[in-house]
> 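Just dropping this structure here.
A, B, ... follow the sequence lines: proteins, then strands. Residue 1 opens every chain. Because only heavy atoms are used, hydrogens play no part in the values below, and waters and symmetry mates are left out as well, while side chains stay in.
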Number of protein chains: 2
Amino acid sequence: MATIYDVARLAAVSPATVSRVLNGRGDVNPELARRVEQSVRKLSYRPNGVARNLRRKVAAVWALVISDIENPHFTALVRGVEDVARANGHSVVLCNTDEDLERERAYIDVALSERMAGVVISPASDRQSALGPLLDAGVPAVTIDRRLRSSPVSSVVVSNRRGGYEATAHLAAQGYRRIACVAGPLRTTTAAQRLAGYRAALGEAGLPADKALVRVADYKEAGGAAAVAELLRQPDPPDAIFVTNSLMTMGALRALGEAGVTIGTEVGIVGFDDLPWAPLVSPSLSTVAQPTYELGRTAAEMLVHQATDPEARVRSVTLPTELRVRGSSHR
Amino acid sequence: MATIYDVARLAAVSPATVSRVLNGRGDVNPELARRVEQSVRKLSYRPNGVARNLRRKVAAVWALVISDIENPHFTALVRGVEDVARANGHSVVLCNTDEDLERERAYIDVALSERMAGVVISPASDRQSALGPLLDAGVPAVTIDRRLRSSPVSSVVVSNRRGGYEATAHLAAQGYRRIACVAGPLRTTTAAQRLAGYRAALGEAGLPADKALVRVADYKEAGGAAAVAELLRQPDPPDAIFVTNSLMTMGALRALGEAGVTIGTEVGIVGFDDLPWAPLVSPSLSTVAQPTYELGRTAAEMLVHQATDPEARVRSVTLPTELRVRGSSHR
DNA sequence: GTGAAAGCGCTAACAC
DNA sequence: GTGTTAGCGCTTTCAC
């Protein structure tokens, strides 16, 4: 592969001039610039990004570290982040941690090691974060979807508590009395907040907070199915369920189907995260929708802001959720 | 941030010895090794990956370039690739091209520029590929899900033609007579092959190949919906539809619902790609399932093979699909 | 406006 | 075994 020296030699200029032309810096004689461009083409020269990064001490790439690549919620964020990144001359690479702190750490390591320009991350845990080294190194970072309790980092989240509250209050208003909740891993702020909203709504509706009606699962399909199967097996099963993410909702529907339960009539259901197929199941699925694109866009904009002004103080943005009432939550 | 020189100084050894300890190369006096490790900890030293890559001429990272991050088929591949990567000491970063050749080119550029160790890619087009520079540079590359006609690259795909054939033959066997096909962008080999399978099955069943029954769409939800809406508006509408990917199938179901058509009875439907929610819609959705994890795993293994043996010849692996008959494809 | 040269942090010959 | 040193390819002072 051709280097900047090859180009310089062919164009009969110095490597410095080639660099200037390539980066549009400083004033270069148009004639020399022309010669450089011609040589670049002739040699099909591509700058070595690694050498450039070493010299500049930062790459043009952002890392978007998400906790579950198969969760449509997270993949929907991507577009928002990408659009802002491209507008600011950055590329986005995705890293999937699978809710695993060890893998989260490994990817933070890669981001740090490759001197990436910024990191947007949905942390696997609100406390034992792997972000420390990143922050110490001064790399711009923003958490998305979830917050971090252990360190001061800017974040963009949705109103999880309110979303959980509205879902549950809606079920109560529809006359359901034993409303269960399938929660996510409580080490995530989303799970904790959605559960808190559920509890608040129960209290307000004067419904008892039966511990047996709360199941902590793992935000995955199988976990949701298992949790619902257990709930149904109880002596006094629920007549409604608030399921706190889409993957678990899918599992819940499967478990309900396998148990021969009629959705809506026998057991009402509201899921967190709206999905394209929510209107297609029958009865159609009531959900708490999140502004996923906005979530990604906002996080990316905060990253740009941080990169521009390193003194920028930590900010936390909360975007609204929206209850979408469909067929699964009334009799 | 501490450098290898800082560590060397503190441990009273040379940078070369630090490097040896860090990389487990050569024999190092255990006492020196201990001192190095201690200094590394004390300084919380992290090797600069960029400098390392510049020196070694290759990074430890693989790029997985997929054409649509919101298509569950592609996100399902990721796990297979990741598992093999990790077993071989690589990290995987995902790049989303959105079926856009310009963005494909940009990400190939990043992979090249950052000297990534290998690329697994589902190309946006079978001809105008952006892979050229990558292959010229000798970077190990494998296409996944789709093939490339324009250059000799190893690939892992599924039996698209057979999958299309089986879906269509099944609909014919169920007594449907005017079977339509919603195809993907024909510049992808998957779309071309699935369509070819559809045509072959029609011919074999003695059904006429009415051009009006074939709609070329874009592998996206809205495209699938629009195509089906058009099909239904025709003077002589189809009584069954083979939809060639899951996103378009979702759109098809929506369009069918909006048109008030009873699925199965009035219009039979089979979709390509199985999905967790396929059994949940009603009637449950018949599909052609693909071994997504295997697809990812196999591609990654081929990449390892290529990296190990640069003389390895181009191979093409085809994995089987499986027709899953459910409720949407009979009366 | 242009070029010479130093240096980013690491690894791998090579010399000891 | 261990240290010295050159150099990966680029950008950026600094001198002209």
Side-chain angles (χ1 to χ4, degrees), chain A residues 1-37 39-40 43-61 89 109-110 112-117 137-139, chain B residues 1-37 39-40 43-61 89 109-110 112-117 137-139:
Chain A
M1 280 227 246
T3 74
I4 200 168
Y5 289 96
D6 300 324
V7 176
R9 202 174 314 123
L10 185 60
V13 298
S14 74
T17 298
V18 177
S19 175
R20 285 182 192 112
V21 173
L22 258 35
N23 297 296
R25 286 193 221 282
D27 278 324
V28 178
N29 182 324
E31 161 61 13
L32 296 195
R34 204 192 49 72
R35 262 158 45 199
V36 167
E37 276 151 16
S39 307
V40 164
L43 298 171
S44 47
Y45 166 74
R46 328 171 64 80
N48 181 326
V50 177
R52 170 180 289 176
N53 298 344
L54 179 60
R55 183 59 227 232
R56 289 200 185 150
K57 293 172 181 300
V58 58
V61 179
D109 241 41
V110 171
L112 215 43
S113 169
E114 302 293 331
R115 298 295 190 268
M116 294 188 185
V139 177
Chain B
M1 280 228 246
T3 74
I4 202 169
Y5 288 96
D6 300 325
V7 176
R9 200 175 313 124
L10 185 60
V13 298
S14 75
T17 298
V18 177
S19 175
R20 285 184 193 111
V21 173
L22 259 34
N23 297 297
R25 286 194 221 283
D27 278 324
V28 178
N29 182 325
E31 161 60 12
L32 296 196
R34 204 192 48 72
R35 264 162 39 203
V36 167
E37 276 151 16
S39 307
V40 164
L43 298 171
S44 46
Y45 166 73
R46 328 172 64 80
N48 181 326
V50 177
R52 170 179 290 176
N53 297 344
L54 180 60
R55 183 61 228 229
R56 289 198 185 151
K57 294 175 180 299
V58 58
V61 179
D109 240 41
V110 171
L112 215 43
S113 169
E114 302 294 331
R115 296 296 189 266
M116 295 188 184
V139 177

> Quick one: is D/dC8 close enough that its OP1 or OP2 comes under 4.0 Å of any side-chain N or O from A/Asn48?
no
> Give a yes/no on whether any side-chain N or O of A/Lys57 is located under 4.0 angstrom from OP1 or OP2 of C/dG9.
yes
> Side chain of B/Arg55: nearest nucleotide among D/dC8, D/dC10, C/dT2?
D/dC8
> Under 4.0 Å from OP1 or OP2 of D/dT11: is there any side-chain N or O of A/Tyr5 that close?
no
> For D/dT4, does either OP1 or OP2 sit under 4.0 Å from a side-chain N or O belonging to B/Ser14?
no
> Check whether any side-chain N or O of A/Arg56 sits under 4.0 Å from OP1 or OP2 of C/dC8, and answer yes or no.
no
> Are A/Ser19 and D/dC10 close enough that a side-chain N or O sits under 4.0 Å from OP1 or OP2?
no
> Is any N or O donor-acceptor pair between the side chain of B/Arg115 and the base of D/dG9 shorter than 3.5 Å?
no
> Looking at every strand, decide which applies to B/Asn53 at a 4.0 Å heavy-atom threshold: base, sugar-phosphate, or nothing.
nothing
> Can you measure from CG (B/Asn29) to OG1 (B/Thr17) and round to the nearest 0.5 angstrom?
9.5 Å
> May I have the distance from B/Arg20 (atom CZ) to D/dG1 (atom P), rounded to whole angstrom?
11 Å
> Has B/Thr3 got a side-chain N or O lying under 4.0 Å from the OP1 or OP2 atom of C/dG9?
no
> For B/Val13, report the nucleic acid contact type (base, sugar-phosphate, nothing); a contact means any heavy atom under 4.0 Å.
sugar-phosphate
